[in-house]
Amino acid sequence: MYKLGKGIVKCRYVIFALSLLLLVPAGIGYVSTRVNYDILSYLPEDIETMQGQELLVDDFGTGAFSICVLEGMTPREVSDLEARIERVEHVKSVIWYDDIADISVPISILPDSVREAFYDEDTDCTLMAVLFDTTMSADETMDAIEEIRSIADERCFISGMSAVVTDIKNLSDEEVPVYVLIAVVLALIVLSLTMDSFLIPLFFLLSIGMAIVYNLGTNIFMGEISYVTKALSAVLQLGVTMDYSIFLWHSYKAEKQKNPEDKYDAMAHAIGSSITSVMGSSLTTVAGFISLCFMSFTLGLDLGIVMAKGVVIGVICCVTVLPSMILLFDRALERTSHKQLLPKFTGVSKFVTKHYVILALLFAVIWVPATIGYTRTDVYYDLAGTLPKGLPSIMANEKLDETFAMGSTHIVLVDSGMPVSETDRMIEEIRHVDGVKNVLGLSALLGPTIPKEMLPDTLTSEVVSDRYEMMLIGSEYQVATDEVNDQCDDIFHIVKRYDADGMVIGEAPCTKDLISITNHDFQTVSIVSIGVIFLLILCVFKSISLPVILVAVIEFAIFINMGLPYYTKTTLPFIASIVIGTIQLGATVDYAILMTNKYKDARYAGAAKKEAVFMAHSQSIQSVIVSALSFFAATFGVGLYSNIDMISALCMLMARGAIISMAVVLLVLPSMFLIFDGLICHTSMGFRKKRERKENIVGELQNL
């Protein structure tokens, strides 16, 4: 590795110039990568609800719809607005009661089914359905939503998932640059307090910033990424790769002390030693992110690939771009150096080794409530319900619920050749399902007395194709509730009795599938991440016992982190229960590995177990604290600022997880070493005492 280090040092000018040039194509790739704001689109393509969404496009040319609530508008005003909305690009059609009867016909004499579906007399509100020829989260659909909002006034409330997705896009695009700014400022503060140079934190952030741009730019090869990945990737990459830069800097300073006359040789040695250590450390982090790729819900694949790629790019930049910067600006770094402000914490090391039995007992006692909380923490699946109440789509959804008692809308697709009598019976059964407000469709609105042939083709073609008839079912229940899930089951069974190929689709049925799929994903990801990291530790330390101890300690920290919301009565987004444990395990097990390496070296050198643990703890504590605080700084501010609860909750959990993992590694892991020292030494390679004098150990202890 030394030869590689010499090569990097020799090419430092070329590397630095190339790193700047690569920012151009990376920046182009970043702005050209499409962002997907629809979480439900990551459900498996082979489930019926997703296949039904494709059928809507293929058979009806309709990929999405919105329900508009129009308040206090005359029939003429509604008709004029309908005509203007129909002219908006990618609006396929608009359905209002004038498609069934002329607006000159008083609403009061319309059939009850039509009047109740489209008009509420108490609030003077009417409903209008807008159908789009593009999918729910397509850019064209979101542009159409924005244009409809621009041509309508404050009396028009546009509800539905397409409107929600549009607002998520606007909010996310507005907030993401602020996330990065907050993370950078807080990381800069932490590094300024913990590093021995005022200038080096800036170069850390510049190097990592370049790696982030490269990572985001190469996402263009994926076609698109989710807004969650876009929002988290920069912040998360900053937090998990900061350690590598710190390690290189410390190695360089140590080598310069050995050879102060030749900074280039010192950097070559530092790069050589850093490559080995950083690659070993990054493996566990990459393994944690890769395990997300095993989710059936492919948002995990999206986040896992981007973050694993980001860690690899971060490692490459750490041993190429950062050394080039340091050597080019070495004089400035020397002039801005200062005494490290962070104390050595020797007293903490003494306390931990002295009171290890008490700390181990606390570990055993806390494990019980932590496990209880971990298994009972509530999660939510209604993503729209946690968005700011002032968003137009959220206000529209609330207006729809308050006025027409419609919390969600389902779509039923049945055979268009089904006899009218059977269709009528099916509709009647659906109407009697608990919470069903209304059923909209030709058969539902016309009933058996009016033949479909009397209606214009322009109307029938919107809801009847060669293969299917489409019906909209208004539900009183909110998405992701037990009531709506039971309702979807009831409607599903009714539809299947009349048509084995019939489908129930929409936001609520998709969310119901999301619940069952992600529950399975949680088990899969947990097993894979623990298994992969267990094997990595097994290979690194060639030990049977250490993988169990290290994984158990970090899992204990995860249980505390994920169990606290149960006791604080906090409900988490569903994705948190799946990804946080994996991210926390992969990103913070490095703390435990660092201390274990120090403990192993001390035991191999001949130190007694207490001496070895004290040395390992005192030599690791500063690095662990700096690493944890850097991760905390990169995520905590974003968690406080974000108005998107999914982003906020994930960042707060990661920030808290870093601090909890730090505390557990510094307080509990040494106790495990002291208690299981005999077992570790007998089941691990490289822990046997050497038959040498212990003067070196005594000397190191005195220096500490």
Quiz item: Can you check side-chain hydrogen bond (donor to acceptor under 3.5 Å, both in side chains) on S684 and S543, steps first, answer last?
Solution: CA-CA 4 Å; S684 311; S543 168; 2.5 Å; yes
Practice problem: Might you work through the side chain to side chain contact (heavy atoms under 4.5 Å, CB included) test for I200 and I326, ending with a clear yes or no? | Solution: CA-CA 8 Å; I200 193 60; I326 291 173; 4.1 Å; yes
Quiz item: Between S618 and S349, do the side chains contain an N or O donor and an N or O acceptor separated by less than 3.5 Å?
Solution: no
Quiz prompt | Between T571 and D378: side-chain donor-acceptor atoms closer than 3.5 Å | solution = no
Under 3.5 Å, which donor-acceptor pairs link side chains of residues 530-540 to any protein atom two or more places apart or in another chain?
none

Quiz item: What residues, two or more places apart in sequence or in another chain, satisfy salt bridge (charged side-chain N to carboxylate O under 4.0 Å, His left out) together with D330?
Solution: K256, K263
Quiz prompt | Main-chain N/O of F631 paired with T635 side-chain donor or acceptor, under 3.5 Å | solution = yes
Practice problem: Decide yes or no for Y244 and S281: does some side-chain heavy atom of the first lie under 4.5 Å from some side-chain heavy atom of the second? | Solution: yes
Quiz item: Considering all heavy atoms of both residues, which atom of F297 and which atom of I517 are nearest to each other, and what is their separation?
Solution: N-CG2, 4.0 Å
Practice problem: Might you point out which heavy atoms bring N215 and Q237 nearest each other, and give the distance in Å? | Solution: ND2-OE1, 3.0 Å
Self-check item: Verdict with reasoning, T218 to K309, per side-chain hydrogen bond (donor to acceptor under 3.5 Å, both in side chains)
Solution: CA-CA 9 Å; T218 53; K309 177 163 58 73; 2.8 Å; yes
Practice problem: Mind running side chain to side chain contact (heavy atoms under 4.5 Å, CB included) on T375 and F559 for me, showing each step along the way? | Solution: CA-CA 9 Å; T375 56; F559 277 33; over 6 Å; no
Quiz prompt | Under 3.5 Å donor-acceptor, T596 side chain and A592 backbone | solution = yes
Quiz item: Do the ring planes of F363 and F556 sit parallel (below 30°), tilted (30 to 60°) or perpendicular (above 60°)?
Solution: perpendicular
Quiz prompt | Shortest non-hydrogen separation from T285 to A587 and the atoms involved | solution = OG1-CA, 4.2 Å
Quiz prompt | Worked check of side chain to side chain contact (heavy atoms under 4.5 Å, CB included) between M195 and V626 | solution = CA-CA 9 Å; M195 291 291 100; V626 172; 4.2 Å; yes
Exercise. Dump the intermediate steps for side chain to side chain contact (heavy atoms under 4.5 Å, CB included) on L666 and M595, then the final yes or no.
Key: CA-CA 9 Å; L666 294 178; M595 186 179 294; 3.8 Å; yes
Quiz item: Do the side chains of V665 and I554 get nearer than 4.5 Å, heavy atoms only?
Solution: yes
Exercise. Test side-chain hydrogen bond (donor to acceptor under 3.5 Å, both in side chains) on S197 and T336 and set out the steps.
Key: CA-CA 5 Å; S197 168; T336 58; 3.2 Å; yes
Quiz item: CD1 of I583 to OG1 of T588: how many Å apart, nearest 0.5 Å?
Solution: 11.0 Å
Quiz item: Nearest 0.5 Å, what's the CG-OG distance between L585 and S291?
Solution: 8.0 Å
Exercise. Looking only at non-hydrogen atoms, find the nearest pair between P260 and Q257 and report the distance.
Key: CD-O, 3.8 Å
Practice problem: Please say whether more than 12 non-hydrogen atoms of neighbouring residues, nucleotides or ligands are located less than 6.0 Å from CD1 in I544. | Solution: no
Quiz item: With no hydrogens and no angle check, do the side chains of S245 and W249 hold a donor and an acceptor under 3.5 Å apart?
Solution: no
Quiz prompt | Result of checking V352, I625, V624 against F345 for side-chain contact (heavy atoms from CB on, under 4.5 Å) | solution = I625
Self-check item: Lys/Arg N to Asp/Glu carboxylate O, R603 vs D677, below 4.0 Å
Solution: yes
Quiz item: Considering residues, nucleotides and ligands other than H520, do more than 12 of their heavy atoms fall under 6.0 Å from its NE2?
Solution: no
Quiz item: Quick one: are V638 and Y641 in side-chain contact, heavy atoms under 4.5 Å?
Solution: no
Quiz item: Roughly how far, to the nearest 0.5 Å, is OG of S207 from CG of L322?
Solution: 4.5 Å
Quiz prompt | Nearest atoms (heavy-atom pairs only) where M672 meets A360 | solution = CE-CB, 4.1 Å
Quiz prompt | D196 side-chain N/O to H338 backbone N/O, donor-acceptor pair under 3.5 Å | solution = no
Practice problem: Of all the heavy-atom pairs spanning A332 and L199, show the shortest one and how long it is. | Solution: CB-CD2, 3.6 Å
Exercise. Please tell me if the side chains of L669 and Y591 come closer than 4.5 Å, counting only heavy atoms from C-beta onward.
Key: no
Exercise. Before giving the answer on salt bridge (charged side-chain N to carboxylate O under 4.0 Å, His left out), spell out for R331 and E334 the whole-Å C-alpha distance, their side-chain angles and the decisive distance to 0.1 Å.
Key: CA-CA 5 Å; R331 289 185 180 178; E334 288 291 339; over 6 Å; no
Quiz item: Are the side chain of Q584 and the backbone N or O of S661 linked by a donor-acceptor pair below 3.5 Å?
Solution: no
Practice problem: Determine yes or no for a side-chain-to-main-chain donor-acceptor pair under 3.5 angstrom, with D590 supplying the side chain and T284 the backbone. | Solution: no
Quiz item: So do the side chains of M210 and L205 get within less than 4.5 Å of each other, counting heavy atoms only?
Solution: no
Exercise. For Y566, enumerate each residue passing the side-chain contact (heavy atoms from CB on, under 4.5 Å) test, keeping only those at least two apart in sequence or located in another chain.
Key: I372, R376, T377
Self-check item: Distance, nearest 0.5 Å, that separates CG of L232 from CE of M654
Solution: 5.0 Å
Quiz item: Any donor-acceptor pair under 3.5 Å linking the side chain of K609 with the backbone of L674?
Solution: yes
Exercise. Please confirm whether the backbone N or O of H617 pairs with a side-chain atom of S620, one donor and one acceptor, at under 3.5 Å?
Key: no
Quiz item: Is the centre of the Y380 ring less than 6.0 Å from the centre of the F574 ring?
Solution: no
Quiz item: Can you tell me if H355 uses its side chain to pair, donor with acceptor, with the backbone of F351 under 3.5 Å?
Solution: no
Self-check item: Short side-chain to backbone donor-acceptor contact, Y214 and S19, under 3.5 Å
Solution: yes
Self-check item: Side-chain touch F632/R656, heavy atoms, less than 4.5 angstrom
Solution: no
Quiz prompt | Atom pair CD1/OG of I8 and S324 - distance to nearest 0.5 Å | solution = 7.5 Å
Quiz item: Hey, does Y2 have a side-chain heavy atom less than 4.5 Å from the side chain of I271?
Solution: no
Exercise. Check for a donor-acceptor pair, side chain of Q619 on one end and backbone N or O of K598 on the other, with a separation under 3.5 Å.
Key: no
Quiz item: CE/M562 to CD/E555 distance, rounded to the nearest 0.5 angstrom?
Solution: 11.0 Å
Practice problem: Establish, from distance only, whether the side-chain atoms of T683 and S545 form a donor-acceptor pair under 3.5 Å. | Solution: yes
Quiz item: Heavy atoms, side chains only, cut-off 4.5 Å: are M242 and S627 in contact?
Solution: no
